[in-house]
Amino acid sequence: MRRVLVVSHNAAQRRIFAIQLQRAHYEVFEAGSVEEALQLCQRCEPDIVLSDWIMPGQTGLDLCRAFRASERSNYGYFVLLTSAREAEDISRGLEAGADDFLTEPVTHGELLARLAAGERILRVEEELRSSNAQLRKALDRLRETQAAIDRDLREARKLQQGLVKERSGRFGSIQLSLLLRPAGHIGGDLVGFFPISEDRVGIYALDVSGHGVTAALLTAQLSVHLSGSADQNVALRAAQTGTDAVSPAALAHFFNNMMLEEMATDTYYTMIYAELNHVTGRLRMVQAGHPHPVLQRADGSVRPLGRGGMPIGVFEKPVFDEIELVMEPGDRLLICSDGITEATNPAGRILGDDGVEAILRTNAFLGGHVFLESMAWSVSEYCRGERQDDMSAVLVEYLAPAEMVQLTGR
């Protein structure tokens, strides 16, 4: 039952309105002044106020302003009773917060019709308030869920970073340095290395398509095959069968068959896998859709390697690119993901192989993690901080005798 407050200094008029409204099943309260009306508003919080405009002391406009300024749990509909409808009066009433006007004398039918219109507005307001309350609850639940997801992703990031057990390694004259920097909480890039024998080391870099949980899960599974224990590491087992018995390309074909036959997923990935003899400097490498490795010789010359090859997990009979070279003292090899080569500036221009070569030349005097951090900074600056993809890299350096002396202190 709607509550209606009738405000008028004319007691007879109040009673007439009250009787009519009670017969129409409204709960009615009466007030003879603005002060009394405000007290009733605090006690009973009426849904509708029907007030005279002109009253001794404070007027209906004063009551309307005070009514709008008061704290309420829901909207209140305010109707002003006027003796004439002058445009200026209506404007003043609307500015004070009135919803409707009734011109005296008021007929019974017009009174009930105006209050029925007010009820429709109140119902709409209540429905909106209810919908907003439900929406706020839903948003609160979403925030709680998002907070839980963020906590899980932060923990997942720690676990994923743990997949790269060592960020650098020394094998004779060879220095290896790794960079792994997801664009979000978790990513689909993976880099690493593992010793094969006394004179050989395996090096890998891969980039799973897409981002987020799916890419991270596949990355975790692949890490077992590349850096797990001796009985799990298929790359290590294959390499230990003999120096020339199993090529890096054969490993790429093994992973391709595994993706197509066992995983049954639309996800694919690109990969570089290399076997490096750190005594002779001989390096055998397979490129499977990954960006071109870049070789910088001791004299400062820079050239990209490979023809590209096909990604893993797409074609039944892929063609991978096999690369062989011999590194000399002072040379270095940079393997990086497309989060670096395809970094885009605000104008839409990608960094590309030329940009990577420029970074190598500009930072020729830097090595190891210092070089990788400088490269990462350069890429972020190029993107103006709007990096959208994971960023990973492997730097292979064949230390010259002078560099060996600096590192060993002898």
Distance alone, cut at 3.5 Å: any donor-acceptor contact between the side chains of D207 and S337?
no
Between CZ on residue R114 and OH on residue Y77, distance to nearest 0.5 Å
8.0 Å
Identify each donor-acceptor pair in which a side-chain atom of residues 300-316 lies under 3.5 Å from a protein atom, sequence neighbours left out, and give them as a table.
{"residue": "S301", "atom": "OG", "partner": "D299", "partner atom": "OD1", "Å": "2.7"}
{"residue": "R307", "atom": "NH2", "partner": "D321", "partner atom": "OD1", "Å": "3.0"}

T103 side, atom OG1; L81 side, atom CG - distance, nearest 0.5 Å
9.0 Å
D62 side-chain N/O to Q58 backbone N/O, donor-acceptor pair under 3.5 Å
no
Between the main-chain N or O of V370 and the side-chain N or O of S374, is there a donor-acceptor pair closer than 3.5 Å?
no
Can you name the nearest heavy-atom pair linking A31 to R14, along with the distance?
O-CD, 3.3 Å
To the closest 0.5 Å, what do you measure between CG (L80) and CG (D99)?
9.5 Å
Are D140 and R143 close enough for a salt bridge, meaning some N to O gap below 4.0 Å?
yes
Passes ring pair (Phe, Tyr, Trp, His ring centres under 6.0 Å), F67 versus F78? Steps please.
CA-CA 9 Å; F67 181 74; F78 201 99; 5.6 Å; yes
Is R282 salt-bridged to E328, going by a charged N under 4.0 Å from an acidic O?
no
Strictly distance-based, threshold 3.5 Å: is any side-chain N or O of Q175 a donor or acceptor partner for the main-chain N or O of V396?
no
Quick check: closest heavy atoms across A376 and R181, and the distance to 0.1 Å?
CB-NH1, 3.5 Å
R284 and E324 ion-paired at < 4.0 Å
no
Distance check, rounded to the nearest 0.5 Å: L176 atom CG versus R167 atom CZ?
14.0 Å
In terms of ring plane angle, is the pair F171 and F193 parallel, tilted or perpendicular, where the classes change at 30° and 60°?
perpendicular
From L333 atom CG to R297 atom CZ, the distance as rounded to the nearest 0.5 Å:
9.5 Å
Do the numbers put R332 on top of the ring of F371, so that NZ or CZ is under 6.0 Å from the six-membered ring centre and no more than 45° off the axis?
yes
Quiz: residues 344-353 side-chain donor-acceptor pairs under 3.5 angstrom, not counting sequence neighbours:
{"residue": "T344", "atom": "OG1", "partner": "E342", "partner atom": "O", "Å": "3.1"}
{"residue": "N345", "atom": "OD1", "partner": "A347", "partner atom": "N", "Å": "3.1"}
{"residue": "N345", "atom": "OD1", "partner": "G348", "partner atom": "N", "Å": "3.0"}
{"residue": "N345", "atom": "OD1", "partner": "R349", "partner atom": "N", "Å": "2.8"}

For D189 and Y269, test the side chains for any donor-to-acceptor distance below 3.5 angstrom and give the result as yes or no.
no
